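Both counts, for ligands and for their atoms, begin at 1 and track the order of listing. Quick caveat, the model's predicted, so the values are computed rather than measured. Basis for what follows: all heavy atoms, side chains included, without hydrogens, waters or symmetry-related copies.
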Amino acid sequence: MSTSVSMVGASRVYPGGIPAVDCVDLEVAAGELYVVLGPSGSGKTTMLRMIAGLEPIDAGELRFDGESMTRRAARDRDAALVFQQPVLFPHLSVRSNLTYPARARGVPRPERAARVLEAARAWNVEPLLDRAPRTLSGGQKQRVALARAMVRRPRVLLLDEPFSSLDAPLRAALRNELTDWQRRSGVTTILVTHDQAEALALADRVAVTDRGKILQVGPPHEVYDRPNCRFVAEFLGSPPMNMLPARLEVDGDGRLILSLEGLEPALAFHVRDDLEAHFTRFKTTSGRLDLGLRPEHLAVVESRVPGPREWVLSGTIIRVEPLGHETITSVATGPHVVKVRRPARVSDRVGEVAQVSLNLSRATLFCC
Ligand code: ADP
Ligand code: MG
């Protein structure tokens, strides 16, 4: 049976500091792989330590399956925390490292041995079982730490940037192993990371944090496609969302007009009827907004004739970045630079004039 985890108005204020975790509400469903994504210092580690019982909860509540854990000691919560830098017992073999937490919890010997073998296979550490931790590479140590958490079968698994010290291919392999194991075992897992690509790749749901607060929670595609604030829009995606200063006003006939600021000649259009509902909810008293568009919602087009949902900007190519599987082309238009996601093989050249169409049906507007 998997365990649900919830935090209600949970805060942690370090002595003399501002809240590291600030009145956080969080609901992790039983069996979910929940990823907390945020920049360094946003309170991710503190949040995990509060759940594990290693950090006091100064205000609010923590519950497992609806039962309060707020004042329970760490050992009574049964949440396993895997640290960013793997911590193994240096004087014990890998096998004993794997067995230790299960033995400490009174799991009978045959059951322990079976679990060690299963975990060692899942995490590819079977050939390392008789080695000493000091003879292992960083990646091998992290596999052992993950396997050990699995042998223990905690109610809740907490992972603090477990892959951040590994090189890219190993990171990708371990991510896959984690998702495979997590689906099979159904252990409720909360992973924190500053790596947006990792969060999107792993999460059932991702919670974006900044300065101790959760700003938005949702399935990866939802948070990526419909960010609810500028921070989320710019933290997710590589390159990040393009932001263009814009105005949204109503003309004498009550029709919406969207214009981009700073362009010569000015670019202003009536918002097409089918997009009116999408745009109306962004109306502000000042009319000033930022128009957010992901690089894949821009295209370099041949002619200036707008497509059915498109706007076209004219500009000059100032940078072409071939990335192997795609190319990022930067186009300067007036005072703005937009980044366009392009196919791998394009003939874009720095200095050339380019027409960039904007897919406004995918735009998000942000109040200034
Ligand atoms: P993250 O894991 O997202 O990088 P942390 O939870 O480690 O963030 O830290 C959140 C904030 O709390 C930061 O401003 C950090 O400086 C502060 N902080 C973390 N640990 C302590 C501590 N033991 N004492 C005082 N301040 C701390
Ligand atoms: Mg941290």
Side-chain angles (χ1 to χ4, degrees), residues 5-28 33-62 69-71 73-74 77 79-88 138-139 141-142 145-146 149 154 156-167 170-171 174-175 178 188-203 205-218 220 223 227-238 240:
V5 177
S6 66
M7 275 181 145
V8 184
S11 297
R12 169 69 181 138
V13 189
Y14 290 109
I18 53 164
V21 169
D22 192 0
C23 202
V24 159
D25 294 323
L26 163 153
E27 288 278 347
V28 183
L33 176 44
Y34 188 94
V35 176
V36 178
L37 169 69
S40 169
S42 59
K44 306 182 298 296
T45 296
T46 304
M47 213 182 285
L48 286 192
R49 292 174 55 85
M50 288 162 79
I51 298 170
L54 303 178
E55 201 67 65
I57 297 171
D58 294 324
E61 276 283 315
L62 170 72
M69 293 287 140
T70 313
R71 319 239 167 273
R77 296 187 192 184
L81 175 56
V82 175
F83 298 92
Q84 191 164 356
Q85 298 300 334
V87 183
L88 302 177
K141 281 185 193 153
Q142 195 56 282
L146 288 158
V156 179
L157 177 61
L158 306 168
L159 304 172
D160 192 353
E161 314 222 20
F163 310 133
S164 64
S165 59
L166 310 176
D167 55 27
L170 189 58
R171 201 156 57 208
L174 285 197
R175 267 186 209 163
L178 174 69
T188 307
T189 301
I190 305 174
L191 180 146
V192 312
T193 179
H194 66 275
D195 178 340
Q196 55 93 27
E198 179 163 293
L200 295 175
L202 286 175
R205 282 187 308 154
V206 52
V208 185
T209 57
D210 186 36
R211 297 187 221 170
K213 287 189 179 297
I214 293 183
L215 303 179
Q216 187 172 4
V217 185
V223 177
N228 66 0
C229 63
R230 215 182 258 113
F231 181 87
V232 173
E234 292 183 318
F235 200 70
L236 268 78
S238 173

With Phe235, which residues qualify under ring pair (Phe, Tyr, Trp, His ring centres under 6.0 Å), at least two apart? Phe231
Would you check if Met47 and Leu26 make a side-chain contact, meaning some heavy-atom pair closer than 4.5 Å? yes
Taking the Mg ion (ligand 2) as the centre, how many protein N/O/S atoms fall inside a distance shorter than 2.8 Å? 1
With the side chain counted from C-beta on, respond yes when Leu157 and Val82 share a heavy-atom pair under 4.5 Å apart, and no when they do not. yes
Please tell me if the side chains of Gln196 and Ser238 come closer than 4.5 Å, counting only heavy atoms from C-beta onward. yes
Could you pull out the closest heavy-atom pair between Leu191 and Pro162, with the gap in Å? CD1-CG, 3.9 Å
Report yes if some heavy atom in the side chain of Leu37 is under 4.5 Å from a heavy atom in the side chain of Leu236; otherwise report no. yes
Under 3.5 Å, is there a donor-acceptor pair between the side chain of Thr70 and the main chain of Leu62? yes
Counting only heavy atoms not in Arg211, do more than 12 sit closer than 6.0 Å to its CZ atom? no
Proximal protein residues to ligand 1, non-hydrogen atoms under 4.0 angstrom: Tyr14, Ala20, Pro39, Ser40, Gly41, Ser42, Gly43, Lys44, Thr45, Thr46
What residue pairs, at least two apart or across chains, pass salt bridge (charged side-chain N to carboxylate O under 4.0 Å, His left out) with a residue in residues 36-48? Lys44-Glu161
